[in-house]
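As the structure is a computational prediction, the values presented were derived from the model and not from experiment.
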Amino acid sequence: MKNKQDVSRRDFMKMAILAIGNVIGLSLTIPGVAYILGPVLKGKQVEGWIQLGSTTKVEIDSPTLFKVNLQRQTGWVADEEQLAVYVLTENGQDFIAMSNVCTHLGCHVRWVTEQNKFFCPCHDGVFDKYGNVVSGTPPRALDRYEVKTQNAQLYILEV
Ligand code: FES
């Protein structure tokens with residue numbers, strides 16, 4: 001013969017075991033889900049300051065091309081990308097860093113020393129040494145990077 005208190009004690013034990021099971025289950029599931037979804041939710045990781053190279057490589061008054069390989073992580077996908085940056089200085093101390101990507105449709109501009117201009121091969125866009133549009137279809141100047149020097153090394157801040 002069951003008395004009412006035995007049944008409720010048994011029910012209590014069932015509920016306690018279920019609750020403990022749920023806590024254990026969640027404690028295992030939440031970190032697993034966070035581990036799986038974490039990189040996807042983070043999106044594209046920003047690199048921060050990127051080292052270009054020595055300041056002594058930059059020719060006075062002539063944009064100098066630097067190329068760096070970047071490792072990018074977007075979600076679960078890791079890929080390598082090459083970044084090309086033109087650096088200009090007029091005094092060897094202050095530097096301007098410009099993207100080599102044309103602001104029209106994204107072709108790569110090229111510096112031609114003899115003409116003292118950047119040329120875009122796609123639609124004849126022309127930029128001066130500061131990256132300002134001289135002629136053609138580009139809607140604005142070449143994008144610039146924030147730049148700093150440290151121990152005679154150039155760094156740009158990627159955004
Ligand atoms: Fe450079 Fe069109 S992409 S002018």
Side-chain angles (χ1 to χ4, degrees), residues 19 21-159:
N22 284 337
V23 168
I24 292 171
L26 284 175
S27 69
L28 295 175
T29 304
I30 290 172
V33 170
Y35 175 76
I36 290 168
L37 294 181
V40 174
L41 297 176
K42 273 187 193 166
K44 202 171 197 172
Q45 289 184 354
V46 177
E47 299 285 330
W49 288 102
I50 299 165
Q51 185 173 7
L52 291 182
S54 173
T55 54
T56 58
K57 262 186 66 182
V58 185
E59 296 173 38
I60 300 289
D61 224 20
S62 179
T64 305
L65 184 62
F66 286 82
K67 290 182 178 176
V68 287
N69 292 323
L70 299 177
Q71 193 75 30
R72 291 196 187 277
Q73 183 82 32
T74 306
W76 287 104
V77 180
D79 52 4
E80 196 164 301
E81 174 185 319
Q82 191 176 65
L83 189 66
V85 178
Y86 280 100
V87 178
L88 173 68
T89 184
E90 293 176 324
N91 58 15
Q93 294 184 342
D94 303 310
F95 297 90
I96 295 170
M98 295 169 276
S99 169
N100 76 330
V101 177
C102 180
T103 53
H104 180 221
L105 292 178
C107 293
H108 292 168
V109 300
R110 193 170 58 89
W111 174 251
V112 178
T113 304
E114 297 76 31
Q115 299 188 42
N116 209 30
K117 289 183 177 64
F118 289 103
F119 289 90
C120 178
C122 294
H123 311 98
D124 298 326
V126 181
F127 303 84
D128 67 15
K129 69 179 177 183
Y130 304 104
N132 298 315
V133 178
V134 173
S135 65
T137 52
R140 63 176 200 281
L142 296 174
D143 291 332
R144 288 190 178 184
Y145 295 97
E146 191 175 330
V147 64
K148 74 174 184 179
T149 59
Q150 193 173 355
N151 299 326
Q153 291 290 313
L154 281 164
Y155 294 84
I156 57 165
L157 186 61
E158 197 190 27
V159 286

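- Taking 4.5 Å as the limit, some side-chain heavy atom of Gln150 sits within range of a side-chain heavy atom of Lys148.
- Summarising the geometry, atom CG belonging to Asp79 is positioned 8.5 Å from atom CD belonging to Gln73; distances are rounded to the nearest 0.5 Å.
- Listed by chain and residue number, nothing satisfies the salt bridge (Lys or Arg N to Asp or Glu O under 4.0 Å) test with Lys117 (two or more places apart in sequence, or in another chain).
- Taking the centre and axis of the six-membered ring of Phe118, the NZ or CZ atom of Lys129 falls outside the cone set by 45° and 6.0 Å.
- Separating the NE2 atom in His123 from the CG atom in Leu105 is a distance of 5.0 Å, to the nearest 0.5 Å.
- Atom CG of residue Asn100 and atom CG of residue Leu83 lie 7.5 Å apart, to the nearest 0.5 angstrom.
- Looking at residues two or more places apart in sequence or on another chain, you find a side chain to side chain contact (heavy atoms under 4.5 Å, CB included) between Thr29 and Val33.
- A donor-acceptor contact shorter than 3.5 Å is absent between the side chain of Ser99 and the backbone of Leu142.
- Distance CD1/Ile50 to CG/Leu154: 12.5 Å, rounded to 0.5 Å.
- For the side chain to side chain contact (heavy atoms under 4.5 Å, CB included) test, residues two or more places apart in sequence or in another chain that qualify with Glu114 are Val112.
- In this structure, CD1 in Ile60 is found 7.0 Å from CG in Asn91, a value given to the nearest 0.5 Å.
- By the side chain to side chain donor-acceptor pair (under 3.5 Å) test, Gln51 pairs with Gln153, sequence neighbours left out.
- You'll find the side chain of Thr103 reaches within 4.5 Å of the side chain of Phe127, heavy atoms only.
- Val109 places none of its side-chain heavy atoms less than 4.5 Å from the side chain of Phe119.
- In this structure, Val133 and Arg140 approach most closely via the heavy-atom pair CG2-O, 3.2 Å.
- If you run side chain to side chain contact (heavy atoms under 4.5 Å, CB included) between Thr149 and each of Thr55, Leu52, Asp94, only Thr55 comes through.
- Residues passing the side chain to side chain donor-acceptor pair (under 3.5 Å) test with Ser27: none are found, sequence neighbours excluded.
- In this structure, CH2 in Trp49 is found 4.5 Å from CG in Leu157, a value given to the nearest 0.5 Å.
- Counting only heavy atoms from C-beta outward, the side chains of Gln82 and Val68 never approach each other to under 4.5 Å.
- With 3.5 Å as the limit, one finds a donor-acceptor pair spanning the side chains of Thr137 and His104.
- The backbone N or O of Tyr130 sits less than 3.5 Å from a side-chain atom of Arg144, completing a donor-acceptor pair.
- Under the rule for a side chain to side chain contact (heavy atoms under 4.5 Å, CB included), the partners of Asn116 that lie at least two apart in sequence or sit in another chain are Trp111.
- Across every non-hydrogen atom of Ile156 and Val85, the tightest pair is CD1-CG2, 3.7 Å.
- A distance below 2.5 Å between sulfur gamma atoms is not met by Cys102 and Cys107.
- Here the shortest heavy-atom pairing between Tyr86 and Pro63 reads CD2-CB, 3.9 Å.
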